Amino acid sequence: SAPAQSESEEPAVESLVIDKSFDLVTADPARMFETTGGIVLHAVYDSLLTFADGNAEEPLPSVASEWSVNDDATEYTFTIRDGITFSDGTPLTAADVVFSLNRVKNVQGNGSFLMSGLSVEAPDDTTVVITSEEPNTAVPAIVTSPTLGIVNSALVKENGGTDAEGAADSDTAEEFLNETSAGSGPYTIESFDTTTETVLVANPEYWGDAPVYDRVVLRNATAEAQLMDVQSGTAHVALDLGSDQIAGLGSDVIVSTSQSPTIFFVFLNADSGVSEITSNPDFREAVKYGLDFDGILELAGEGAERAYGIVPSSYLGALGPDGAVERDVDRATEAAGRVGGDLSVDLEYASDFSSNGLSMQPFAERIASQLAEVGITVNLKPGPIATTLESYRAGTEQMGLWLWNPDYPDSADYLAFGPGEVVGLRAGWAAGADPELEAVMAEVATETDAATRETLYQEFQQLHNEAGVIIPLFQPAASVVSASAIGEVKFDPVFSLDIAAIGR
Amino acid sequence: MATLLDIRDLHIAVGGRALVDGVDITVEPGEVVGLAGESGSGKTLTALTALGFLPDNATTSGQVLLDGQDVLSLDTAALRRLRGDRVAMVFQDPMTSLHPMLTIETQLTEHQRVHRGLTRRQAREHAIELLDRVRIPAPHLAIRSYPHRFSGGMRQRISIASALACEPELLIADEVTTALDVTVQAGILNLLQSLREELGMAMLFITHDLAVMNVVSDRLYVMRSGKVVETGVTRDVLAEPQHEYTRALVDALPDTEVAR
Amino acid sequence: MTALKVEDVVVEYKVTGRPTVRAVDGVSIHVEAGEVLGLVGESGCGKSSLGRAIVGLNPLDSGKVLIDGRSIAPLGRRARPVADRTVQMVFQDPYSSLNPRRRVGRQIQDAVPGRGGAARVRELLEAVGLPASAANRFPHQFSGGQRQRIAIARALASDPRVIVADEPVSALDASTRLQVAGLLSDTATAQGVALLMISHDLSGLRVIADRIAVMHFGRIVEVAPTDVIWAEPRHPYTRELISAIPRLGRDAPMPSAPERRGAVIRTDEEARLVECAPGHFVAAEALVAS
Amino acid sequence: MALFIAKRLGAAVLLVIGTILVAFLLTAVLPGDAATARLGERAAADPELVAAMRERLGLDRPLYEQFFLYVSGVTRGDLGESVQTARPVMTDLQLFGPASAELALAATLIAVIVGGGLGIVAALRANGHLDNALRALSLGGVSIPIFWFALIATAIFSTQLGWFPSSGRLDAGVIPPPRVTGFYTIDSLLAGDLPLFWQAVTHLILPAIVLSAAMVGLLMRFTRASVLDVLGQEYIRAAEAKGLSGRRVVFGHVLRGALVPVITVVGTAFASLLAGTVLVEQIFAWPGIGSYAYRAASTLDLAAIVGVTIFVALIYIFVNLVTDILYGVIDPRIRRA
Amino acid sequence: MTVTEQALDTVDPVGSVDKRRWIPRWRLPAAWRRPLAIVGVLIVAFWVFVMIFAPLLAPYDPLAQDSARFLPPSPEHWFGTDGVGRDVLSRVIYGARISIPIAVMLVLLSLVIGATIGALSGYFGGGVDAVAMRVVDLFFAFPAIILAMAVSAALGPSLVNAVLAIVVVSWPAYARVTRSLVIGLRDSNFIAASRLIGASPARTLGRDIAPNILGPIVVISTLELGNAILLLAGLSYLGLGAVPPTPEWGAMVSEGSRVFYNYWVALFPGLAILSIVLAFNFIGDSLRDALDPRTSRAVQSMEL
Ligand SMILES: Nc1ncnc2c1ncn2[C@@H]1O[C@H](COP(=O)(O)OP(=O)(O)OP(=O)(O)O)[C@@H](O)[C@H]1O
Ligand SMILES: Nc1ncnc2c1ncn2[C@@H]1O[C@H](COP(=O)(O)OP(=O)(O)OP(=O)(O)O)[C@@H](O)[C@H]1O
Ligand SMILES: [Mg+2]
Ligand SMILES: [Mg+2]
């Protein structure tokens, strides 16, 4: 646990102002599944387990003081910590946990899939048992999610909440939760607004170490505005600055850069119904060898790293540089020639969206420029995220440039990139398209041994890279810029930002 | 009696073009002097100099003496004291010479208060009196209205009332009846006649209508291309024009000598 | 046959939010071929409204306009049929009645029926006292009087039976008025065209009109041969008009100003025209009063 | 007057219905799907969840049915629920409307003072060097790309000089004054909180100046033209001939006469400012209708798009009505009995 | 010379033009403001030259990403390089090939649609007019940028779609002005005279009205050229117009705005927009001054 913080330490500012480009939708944990929401709700609601100090591998106790798992990873038992109360003083019990988790499952929100295949029970007031239909080693990582934050069941029920089946229609607590918080975390919500700013104040009832800043303001600002804000001192912390922007900052700020688990990738639709060209393996080869990954990485700025496989570098089974594809213009040109005809394809991407201070556009431009050198014409097709997301999800894009943020910090999340899975399907990669790969996926899903899993994940990625339908490009650096008075603020690989940890 | 207005060898040129070209005009106190001539002959330009108005970028020479004082060399403040007080002007078009968005009261009183130092109340009472004098019915009501409520003839009367407010020594009437019907014109001409008799002011009356000129003015100057071509007692000049230009003008008129 | 016959014409203006204005209130007049009828009256009495109604520019609210016994359709947005082109108009303002962007010759030629109008244009220009070379110039290259001549030429070009001239000379300089008015009446008479000459200047009409109609608040109050009107006006309004005209001469009196009155409302009976002498018609009210 | 206003209101209702119709037709041709747009990565892959969302948003009904449902909602003051904020659109409009209105009004105020003032000066000095300089300046105002101007202004005045804050309506986390008008400047004054008022003003100045650039130029030229026009009127010459002082002639006579056309411009320009705040609000993180509309358009937030459209149309109609009434006040000729 | 002609020649055609307006002659500005107009023409000429000879003038390929990123202005790269290592100067030069022709096309399209509808509606009046003007009102009340954003979002961002979007929002203005110009003329005496001698509506509109409203329309179009460039740039700035890697000025400013201390990326394209828009406005404004005050009022009313 965190080192004890001396009570006398004076916070540098009265209200800590954090600039973030909002993707805030709701403050109801059961319905929340966005980055900004995660930052806010991680500070307001405690989950069974948590991660801390930038470590994304080892879940730590939180509401659960300890936990155990059976051998085939199907049953997890959590012991509820004694003496936790919600911000209104009500004690937190196992019933609250069951209510919270079931509610997530039944309101059918964006994060409900976390609970798919899981069921929860409370044999007694201090014990919670989560059972999985299939062996599932990701459960401890999953239960750290702020979506699975523990709410005050009595209070939520009072205000229209329910965890029963059909909660999608009958649960009406969202409005209440958007105004008042019903959690046990270090902060409570003072005001919540999805478009301008959201203000948190310290929870006096918090069971753990009190946070340094009593009041935290999270403001919605574009990266451009954030840059101006941190320079002019309007904001103390800025979360979405890219390396290009950081490069020009003055000396009165501290930049903390670390690895982000986000993966930028392009895919070449494998469905010949969508494109005869991109579904051609020769074309995939041409693209794979036609791309200059270092040239692309350059645009991502300092601190970014090439993604050698789809699993991010800090996760179990991530690939290293061995056997990485290097640019080979001749080979690419030759492969392109084998495809023949007019090699003109559309590359779609979202133009009004950026992550880690990076927008898609320069990458799209560079990809187009590089592939032009091997005889492939790439027409850029940007669009607002709302429209492009639709064609992406419908699997109708010939080529797409997208990114993936982990839903929970476990390599299992990346199986989504396999044939027949969520992302695979978007790339026109139907189930059965690559039996060898799919066999590895099936195996790793139920494997409980960490070492075996590691090799299986590596194998999965090697096969994945060979197939070449989805080409991982890079992992950007995640930078947090803070005013020197505040001290360094670290990026959190799981929650993006752990507000309560600032200043510690 | 000293000459009231004495214009001596006035030249006005704009951009090298001579618009007024050596004009001499005198107006004695109480006298009605006519200024006739075709359009563009420089009548208005000449008359405006008595108020100190000159076209922008004009080069001038000569003198415009008002009671012996040269108007053209006065500074702005002195000019302002003169305008509306000693010399007043009534314009041709009654439809455009009153401000459409100001009440009659404002337009009749503001210069009284400036020149005469009257209170609002005094100025107002005087204005009502003036309206009555120019035969505007119900003057105490009229004073609160805006110009658009009045017909052309009435507006011209109001303009005249405004010009008379400070009892000027010289009234310049620039084609004051040209835009009006004959019957209305007759009313205005009669009014001016009686006002002149009452107040004893001098008048510089501009018109190109020689018949009107004939009945209104004592003396006449006929202008053509910026020059005075003929001058004399009005009725003499018009009955027996000496200059061929004047004769051509007279001949162009329809013959109205018919007994009733 | 009477070239222009106007029977009981009424013209009203309906403006939303205001009372309807009856600008022409049951007017009947006629003009023979080659005759010049002068129409006088004070500003706003409805002269232009009547004139425009005759040529079809204003719709009639009731009554009839007959040209050679044939009634004329109001000018809609469609092209006017050839048969109706027998009535033409000369407008007051010579600056707005000619298209500033087209050569004078072309504008006249448009009006000439049939093809090959160039010779005819020359002929017309000469008839109004302009050189043939004028055809190639634009309107702004002419003086007001010259433009009015062009307008007259254009009106004559379609071989009209009737010309309505609405204050054709009042915008002109005093020195040219008489010439242009004379030209208009002379050519009309020479070509056997009926001319309705609208003016507010009774003295100007005196020289050229054969007969004069006096209009007052939308009605005709007196019609008589010109000399008769001047010598023996019967209607009080006509008398006022005449006595308000300033005159030349050593002993010309100050014109007399009539008492101003508000709008006169006449009953049909009062307004009925009565023939008080051969060819001299006057509103019945005048006879009662005297 | 009553008839006149009633007519205007009638036209307004028609306009609003027309606006809704157009907005609906537009959203019908949009290829995006508001339901999936609202769902997360995983959830969007689940057809069941998508169907549930469509039903919730009423997207499963035929378009005409949606239209009538919507219109009947509008009559009850219900503009539907925004996807992006998960709040009733009405609430959003009440929240963001005043922010934009405050900005637009401030810009208008600047434009009236600066543009109007300079326009008068230019007219009085017509054709002089000053006039030429002002004319170039006014054309510059109309010609400057507003987004570029905003960037440069913030870079210089906030980042480099630090004179003005670069974003938002108040400093972060500052609690807004109790809501009366929704205008922070006015509300803070009403609350008697001067420091807060000052803060609101400093936040307002920069975006308002940027937003007003085009309007300043426009107004300068209109005022100049209008004043020149009036200066040429005989009644001004008459006022001068009465011996009034120059100041009196200008302020008492010229301005009075020049006001009507200027008011028209101010009115129309104000109405178009509201819709045109998109770029400025984006750059200054001003939580107003403009950025709301932008997000609505890019997230296919149908209810919000239509709501904003109606809102802007209503403002347009309202402003026109106000200017019409103002005409009457200023120009007695237009006044009705 | 005939006698009448001699008499006529004594009349000063100017003096009798419009007696009521003798005073304006004292104050009205000289019609053609030469200095600004000349500056405007020079700038436009400059840009047209740049547009035509872009390949000769540009030092680099505007699409080539072969320089280092974010190089500040230097003798090699006068305007520096952008975020993917392209020469900003070359892109600004090639940008002229996008903005200017598109603005011209845009204005022509809106003009043809708007003027046709406006002219017919103004000339015929009545029901057609009422309906057309309600539609125009609707488009006026409809927030233009939202409409444009929606059109762009619906059809996907591209220059063609941005042009369509702008046409959709800009034709009503032309319709309104044309209509008011036509209404101002349709009851004028020379139209009446030409109709009395049998001119058909087509002839009236084409021969009598069109040449007389051409002046104001040309002025408006010139002024609107500037506006069109601004609108297009604005849409591109929002990512709804030009598609990368097209060197469009608005899009370039947008790229540069992300990193303002690399000021050159946004500064120069912004200056390019400003200069050409300013030039069109200089010309249009000077032309407008040369117009009759009545028509110039109609022109002004459009700029709102
Ligand atoms: N500000 C000015 N600049 C240049 N020329 C002018 C100016 N004002 C008047 N003029 C010219 O001066 C000449 C005389 O003008 P003025 O107005 O004095 O004539 P007028 O005799 O009053 O004619 P009208 O009967 O038409 O009123 C005209 O040719 C006119 O065009
Ligand atoms: N288009 C119109 N709409 C409403 N009222 C009109 C219209 N045209 C004329 N009037 C009114 O009809 C009446 C007659 O107008 P008309 O123009 O026929 O008079 P007029 O005798 O020709 O006057 P003037 O001598 O001034 O030309 C006037 O009261 C006028 O105000
Ligand atoms: Mg004059
Ligand atoms: Mg008339």
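Atom set for the values below is all heavy atoms of this structure, side chains included, hydrogens, waters and symmetry mates excluded. Chain A is the first sequence line, chain B the second, and so forth, proteins listed ahead of strands; every chain is numbered from 1. Keep in mind that what you see is a predicted model, and the values were worked out from it rather than measured.
- Heavy atoms of D/L151 lying under 4.5 Å from chain E belong exclusively to its side chain.
- Options E/I229, E/D137, E/L267 differ in how many heavy-atom pairs under 4.5 Å they form with chain D, and the most are formed by E/L267.
- In terms of heavy-atom pairs under 4.5 angstrom with chain E, the leader among D/A214, D/A136, D/A123 is D/A136.
- Both the backbone and the side chain of D/Y294 come within contact range of chain E, judged by heavy atoms closer than 4.5 Å.
- Separation of atoms CG (D/L139) and CD1 (E/I283) is listed at 11.5 Å; rounding is to 0.5 Å.
- Residue contact with chain D, scored on non-hydrogen atoms closer than 4.5 Å, involves the backbone and the side chain of E/F282 alike.
- Using a 4.5 Å cut-off between heavy atoms, D/I283 contacts chain E through its side chain alone, with no backbone atom that close.
- Proximity to chain E (any heavy atom under 4.5 Å) is restricted, for D/I152, to the side chain, taken from C-beta onward.
- Of all residues spanning residues 272-281 of chain E, those with a heavy atom less than 4.5 Å away from chain D's heavy atoms are E/I273, E/L274, E/V277, E/L278, E/N281, arranged by number.
- Distance alone, capped at 3.5 Å, is enough to place a donor-acceptor pair between the D/W148 side chain and the E/A266 backbone.
- To the nearest 0.5 Å, atoms CZ (D/R135) and CG (E/L36) are separated by 6.5 Å.
- D/Q282 contributes atom CD, which lies 10.5 Å from atom OG of E/S257 (distance to the nearest 0.5 angstrom).
- Listed here is the closest heavy atom pair of D/P145 and E/G270: CG-O, 4.1 Å.
- Atom OH of E/Y237 and atom CD1 of D/I146 lie 11.0 Å apart (nearest 0.5 Å).
- Side-chain contact between E/L238 and D/V278: present, with at least one pair of heavy atoms (C-beta onward) separated by less than 4.5 Å.
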